[in-house]
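Below is one structure, written out as structure tokens; the observations come after it.
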Amino acid sequence: MNAPLLDLAPVLPELILAIGAMALLMFGVFTGEKSAGSVTVAGIVLLVVAAVAVTWIGGAPRLTFGGSFILDGFAKFMKVLAFVGAAAALLLSWDYFKREGIDRFEFPVLVLLSATGMGIMISANDLIALYMGLELMSLALYVIASFHRDNERSTEAGLKYFVLGALSSGMLLYGCSLIYGFTGTVSLPGIAAQIKTGTIGLGLIFGLVFLMAGLAFKISAVPFHMWTPDVYEGAPSPVTAFFAAGPKVAAMALFVRAMIDGFPTAAPQWQQIVVFVSIASMALGSFAAIGQSNIKRLMAYSSIGHMGFALVGLAAGTANGVQGVAIYIAIYMIMTLGTFACIIAMRRKEGSIETIDDLAGLSRTNPFMAAALAALLFSLAGIPPLAGFFAKFYVFAAAIEAKLYTLAVLGVLASVVGCYYYLRVVKLMYFDEPAAPFEPMATELKVVLAVSALFVVLFVVYPAPLVAAAGAAARSLF
């Protein structure tokens with residue numbers, strides 16, 4: 001904690017994104033709507049540069065702003081994921097927004113500002129930085145959810161997300177104020193030290209519950225999941241892809257850091273909550289997706305289920321558990337981006353379509369897209385030897401090691417139920433009569449789809465880099 005008050009090196013990626021966003025905003029204002037394409041390219045470049053800057057800042061964990069901002073191995077791993085996810089979502093939006101006639105320069109600027117908030121969240125080492133990062137990310141997300149202003153569903157999605165997001169922010173702030181009131185500090189290490197020396201009173205537990213409720217909303221875990229299906233369905237598809245990639249990574253990273261860094265000795269208290277939320281999310285995600293006919297709503301329930309699986313690792317409360325969460329989130333993000341590349345490519349002359357039945361017979365009309373989507377769906381279902389199987393393997397192994405046998409068994413059962421709705425889509429693509437073919441797939445969609453499909457198929461051949469990086473990230477918290 002003897003760090004200088006203002007060492008700007010750890011904040012370099014966030015500075016790149018924030019200054020870049022402001023510069024691109026000015027560029028867009030002075031050049032008009034025709035600048036949308038170049039601003040999008042610049043946004044992708046800035047996100048990649050920020051991700052590189054994260055890995056470039058070497059050395060031991062760095063603290064700045066009086067200890068409220070930390071850059072350690074865990075923050076680096078999660079930031080690279082979040083920034084790469086945001087860049088991929090911008091790439092997916094390129095052709096889609098042009099075709100829909102909503103190609104505006106404000107979108108990449110808002111994504112950059114949201115990514116800045118994600119970076120602050122992931123590195124938050126006290127409750128104030130945590131809230132600032134969360135709000136910076138969320139305010140941009142509220143706007144881009146309703147980015148298609150002339151579309152009723154998009155406007156409704158933005159409004160629902162804003163109202164429920166404001167409620168969750170209020171709960172989170174109330175929790176933070178209770179925690180500060182009962183510990184006398186907002187610093188996560190300070191809270192941990194305070195809890196270690198004293199007893200954990202009822203007031204502090206209430207504060208912890210409200211804090212966890214606010215964080216559970218951001219990762220769309222049950223029972224704070226109600227916004228997810230409507231927002232996923234209503235928002236433009238590239239926006240939904242971004243929601244499922246970047247913000248999920250950042251929110252899960254914040255959840256892990258807040259629990260492990262701030263409340264390590266209160267583990268018996270928060271572990272019970274995480275176990276309940278995890279089981280409820282896995283169950284709802286598995287069963288509610290079965291009756292869906294809209295593929296974006298199916299992906300919404302799928303994401304609720306997957307957040308439940310990721311929380312299994314956090315429930316273990318060990319370094320191996322956190323490693324499992326990091327591996328899970330990385331693989332989930334890649335699988336989701338690839339799946340959304342397919343969803344965005346579901347387009348005929350009359351416009352975009354989102355019904356699962358429209359994928360019927362895809363293997364005959366577009367064999368490449370069908371094969372890649374089948375691989376991703378098998379991976380999302382957790383079928384070996386694809387990457388999704390290993391994601392689940394690491395979190396379940398950590399749960400068993402922590403003697404959470406019931407949680408692991410229920411997780412495996414939920415995974416089996418979840419297989420049904422993924423395999424139903426594969427069956428439609430390969431065994432049903434073909435529906436009308438889609439328009440040719442844009443090049444950038446092909447690239448994202450091919451990369452993610454190759455990753456899930458070939459992960460078994462060489463998993464070491466991701467596993468080792470996730471392990472190093474997890475150990476930096478312990």
Side-chain angles (χ1 to χ4, degrees), residues 157 160-161 164 212-213 216-234 240 243-244 248 251-252 255 272-315 324-325 328-329 331-332 335-336 339-340 343 354-359 373-374 376-384 386 388-389 391-393 395-396 399 404-429 432:
K160 275 183 181 168
Y161 191 32
L164 291 167
M212 291 176 79
F217 176 90
K218 295 301 173 191
I219 61 167
S220 62
V222 176
F224 305 99
H225 65 285
M226 64 291 284
W227 60 275
T228 317
D230 293 337
V231 173
Y232 268 49
E233 183 184 4
T240 311
F243 274 29
K248 280 276 199 301
M252 186 58 83
F255 206 144
Q272 297 171 43
I273 302 170
V274 174
V275 167
F276 166 75
V277 169
S278 173
I279 291 170
S281 301
M282 290 187 294
L284 183 117
S286 297
F287 286 101
I290 289 172
Q292 300 305 319
S293 59
N294 181 295
I295 191 144
K296 279 162 76 178
R297 284 187 84 85
L298 183 135
M299 288 304 292
Y301 284 111
S302 162
S303 88
I304 293 167
H306 281 288
M307 290 304 107
F309 289 118
L311 285 173
V312 171
L314 176 58
V325 175
Y328 200 102
I329 286 291
I331 292 173
Y332 168 74
M335 294 188 298
T336 305
T339 309
F340 272 99
I343 293 170
E354 296 167 6
T355 315
I356 294 170
D357 291 341
D358 285 304
L359 287 165
L373 182 55
L376 291 165
L377 291 169
F378 278 128
S379 184
L380 281 163
I383 291 172
L386 301 171
F389 166 76
K392 287 178 179 167
F393 171 79
V395 290
F396 290 152
L404 299 171
Y405 304 120
T406 308
L407 178 62
V409 169
L410 289 173
V412 172
L413 292 174
S415 197
V416 172
V417 174
C419 284
Y420 169 77
Y421 58 83
Y422 295 120
L423 300 186
R424 182 167 69 97
V425 181
V426 177
K427 173 254 173 194
L428 265 174
M429 293 193 297
D432 284 24

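With contacts defined as side-chain heavy-atom distances shorter than 4.5 Å, the pair Q292/Y301 qualifies. Under the 4.5 Å side-chain criterion, counting only non-hydrogen atoms from C-beta, L423 is not in contact with L377. Between T240 and M299 the shortest side-chain heavy-atom distance does not fall below 4.5 Å. The closest side-chain heavy-atom distance from T406 to V275 is not below 4.5 Å. You'll find the side chain of L311 reaches within 4.5 Å of the side chain of M252, heavy atoms only. Using a 4.5 Å heavy-atom threshold, the side chains of M307 and Y332 count as touching. Between K392 and V312 the shortest side-chain heavy-atom distance does not fall below 4.5 Å.
Across every non-hydrogen atom of A300 and P229, the tightest pair is CB-CA, 3.6 Å. Nearest heavy-atom pair, G305 versus M282, reported as atom, atom and distance to 0.1 Å: O-CG, 4.0 Å. Between S278 and L407, the shortest heavy-atom distance links the atoms OG-CD1, 3.8 Å. Nearest heavy-atom pair across S379 and M335 is OG-SD, 2.9 Å. Looking at every heavy atom in both residues, Y421 comes nearest to G285 through OH-O, 3.3 Å. The shortest non-hydrogen separation linking T228 to S220 is OG1-CB, 3.0 Å.
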- Message: Pair E233, K296 - check salt bridge (Lys or Arg N to Asp or Glu O under 4.0 Å), show working.
- Response: CA-CA 5 Å; E233 183 184 4; K296 279 162 76 178; over 6 Å; no
- Query: Hey, mind stepping through D230 and R297 against side-chain contact (heavy atoms from CB on, under 4.5 Å) and telling me if it holds?
  - Reply: CA-CA 7 Å; D230 293 337; R297 284 187 84 85; 3.0 Å; yes
- Stepwise, does the side-chain contact (heavy atoms from CB on, under 4.5 Å) test hold for F309 with F396? CA-CA 8 Å; F309 289 118; F396 290 152; 3.8 Å; yes
- Task: List the steps and the verdict of side-chain contact (heavy atoms from CB on, under 4.5 Å) for S293 and I356.
- Result: CA-CA 6 Å; S293 59; I356 294 170; 5.5 Å; no
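Atom CG of D358 is separated from atom CD1 of I295 by 10.0 Å, given to the nearest 0.5 angstrom. Remark: T336 OG1 to I331 CD1 distance equals 11.5 Å, nearest 0.5 Å. Of the inter-residue distances, the one linking I304 atom CD1 with L284 atom CG reads 5.5 Å to the nearest 0.5 angstrom. In this structure, L410 CG and S415 OG are separated by 12.5 Å, a value rounded to the nearest 0.5 Å. Between Y232 atom OH and N294 atom CG the span is 13.0 Å, to the nearest 0.5 Å. Rounding to the nearest 0.5 angstrom, the gap separating the CG atom in L359 from the CE atom in M429 is 6.5 Å.
Between Y161 and F243, the distance separating the two ring centers is shorter than 6.0 angstrom.
Y422 and S302 share a donor-acceptor pair across their side chains, judged by distance under 3.5 Å alone.
Formation of a donor-acceptor pair under 3.5 Å by the S281 side chain with backbone atoms of V222 is found in this model.
By the 30° and 60° cut-offs, the orientation of the rings of H306 relative to Y328 is tilted.
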